[in-house]
Amino acid sequence: MIVVTGATGNVGRPLTQALAEAGEQVTAVSRRAAVVPDGVRHVPADLAEPQGLTSALDGAKALFLLLSGDLHAPGARPADIIALAAASGVRRVVLLSSQGVATRPLGPSRIAMRAVEDALRESGLDWAVLRPGGFASNALAWRESVRTQGTVAAPFGDVGVPIVDPADIAEVAAACLLDDRHTGKVFELTGPEVITPRQQAEAIAAALGSPVRFHELTREEAKTAMTQFVPPELADDTLDIISAPNPAELRISSDVEGVLGRAPSPFRDWVTRSIAAFS
């Protein structure tokens with residue numbers, strides 16, 4: 001049995017579906033009640049209270065660990081989840097980490113995530129670490145403004161990074177959970193192209209078949225919006241990257257193709273699949 005945390009999110013949902021379709025027994029974990037694929041067990045639990053995972057981990061052979069925003073903050077103890085998994089008999093953990101662990105190692109949230117990676121390596125479990133850059137699905141933050149005002153509002157409109165489709169992350173995660181060949185490896189996951197927020201707005205407009213105006217936010221405005229959902233430290237670390245990406249953050253990684261045998265999906269493919277959210 002494989003346990004998927006964050007199972008109702010943009011990575012966890014397709015991962016749960018992929019594992020179920022592969023014939024695996026799956027336990028989907030999320031904070032709230034959720035609809036899951038047929039045959040999948042759902043366990044509500046808050047990862048900030050690791051003992052709540054005890055029933056979900058009973059009989060599990062593998063765990064996909066996705067940490068919510070508050071568990072990236074200094075002072076959180078997400079490594080306790082790894083210890084609980086090991087004590088429960090889990091043999092393999094695939095951790096969704098962050099590209100910034102390597103490219104911005106001194107950011108407060110990156111220091112915290114590095115500690116989780118280190119705890120996993122030292123746990124004695126089989127492991128794989130996924131380090132994605134920005135997610136294409138972050139564009140869902142614009143869905144209401146696109147629907148009601150025909151507007152995308154974002155900072156640093158002409159600064160791009162190679163954002164990754166969360167469905168590609170899910171597919172790589174499934175491979176790491178199911179295939180021993182990926183054990184003990186770290187994968188940097190990016191999309192196939194550098195794309196700016198302004199270009200993302202253009203892609204949404206093209207998929208909608210109607211104009212979408214781009215409005216550039218200041219850094220302060222963007223941080224205010226972000227801190228409604230993530231700790232200030234994570235917001236600052238993210239804004240540092242998207243305002244002035246360094247060469248490592250602009251590099252197109254070959255790891256998606258190396259695992260899946262195909263190129264990563266471009267942003268326009270994600271928009272096509274997700275266009276109902278903006279309509």
Side-chain angles (χ1 to χ4, degrees), residues 1-68 71 78-98 113 116-117 119-132 135 137 164-187 189 255-256 258-261:
M1 189 258 288
I2 298 174
V3 176
V4 177
T5 63
T8 58
N10 294 305
V11 175
R13 187 182 301 110
L15 173 57
T16 299
Q17 184 70 46
L19 293 172
E21 290 175 355
E24 296 291 327
Q25 291 184 308
V26 183
T27 293
V29 175
S30 64
R31 285 181 172 175
R32 299 174 183 84
V35 176
V36 297
D38 290 343
V40 172
R41 180 174 69 132
H42 178 258
V43 174
D46 186 342
L47 269 62
E49 301 292 339
Q51 291 302 318
L53 281 173
T54 301
S55 64
L57 293 171
D58 185 30
K61 65 179 181 179
L63 168 67
F64 175 71
L65 182 54
L66 182 155
L67 304 176
S68 58
L71 287 169
D80 290 351
I81 300 169
I82 296 170
L84 179 63
S88 300
V90 170
R91 301 191 300 275
R92 175 175 299 171
V93 174
V94 175
L95 172 66
L96 187 66
S97 183
S98 167
M113 182 56 83
V116 179
E117 289 191 11
L120 180 56
R121 289 187 180 89
E122 296 164 4
S123 67
L125 302 173
D126 291 343
W127 58 269
V129 171
L130 312 184
R131 290 178 177 169
F135 288 22
S137 54
V164 62
D165 189 327
D168 286 351
I169 302 172
E171 196 170 340
V172 171
C176 292
L177 287 162
L178 298 174
D179 193 334
D180 290 342
R181 291 177 298 172
H182 306 306
T183 298
K185 296 182 180 178
V186 176
F187 297 101
L189 307 180
D255 285 354
V256 168
V259 174
L260 303 182

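Rounding to the nearest 0.5 Å places CE of M113 at 4.5 Å from CG of L67. Summarising the geometry, atom CZ belonging to R92 is positioned 4.5 Å from atom CG belonging to D180; distances are rounded to the nearest 0.5 Å. Here CG of L15 is found 11.0 Å from CD1 of I169. Values are rounded to the nearest 0.5 Å. Rounded to the nearest 0.5 Å, atoms CG (L63) and CD1 (I82) are 8.5 Å apart. For the atom pair T5 OG1 and L65 CG, the distance stands at 5.0 Å (nearest 0.5 Å).
Nearest heavy atoms, T16 versus V4: OG1-CG1, 3.7 Å. Considering all non-hydrogen atoms of both residues, A128 and L120 come closest at O-CD2, 4.3 Å. Of all the heavy atoms in L96 and F64, the pair that sits closest is CB-CZ, 4.0 Å. When all heavy atoms of A28 and V36 are compared, the pair lying nearest together is CB-CG1, 3.9 Å. Taking each heavy atom of W127 and K185 in turn, the nearest pair found is CZ3-O, 3.6 Å. Nearest heavy atom pair, residue P14 against residue A170, reads CG-CB, 3.8 Å.
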Next item on the list: Could you go through the side chain to side chain contact (heavy atoms under 4.5 Å, CB included) check for D168 and L189 one step at a time?
Entry: CA-CA 8 Å; D168 286 351; L189 307 180; over 6 Å; no
Item checked: Stepwise side chain to side chain contact (heavy atoms under 4.5 Å, CB included) test for L95 and R121 -> CA-CA 11 Å; L95 172 66; R121 289 187 180 89; over 6 Å; no
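Residue V129 is tested with S98, C176, S97 for a side-chain contact (heavy atoms from CB on, under 4.5 Å); the sole match is S97. Checked against L53 for a side-chain contact (heavy atoms from CB on, under 4.5 Å), the options V29, D46, T27 give a single hit: V29.
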Per-pair distances, 0.1 Å, donor-acceptor, side chain in residues 54-62, under 3.5 Å, sequence neighbours excluded:
from	atom 1	to	atom 2	distance (Å)
T54	OG1	Q51	O	2.8
T54	OG1	Q51	OE1	3.4
K61	NZ	E24	OE1	3.2

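Other residues, nucleotides and ligands contribute only 12 or fewer heavy atoms inside 6.0 Å of the CZ atom of R91.
Annotation: ring-ring contact (aromatic ring centres under 6.0 Å, His included) contacts of F135 (sequence neighbours excluded): none. Residues passing the side-chain contact (heavy atoms from CB on, under 4.5 Å) test with E171 are L260, R262, sequence neighbours excluded.
With R13 contributing its side chain and T8 its backbone, the two residues share a donor-acceptor pair below 3.5 Å.
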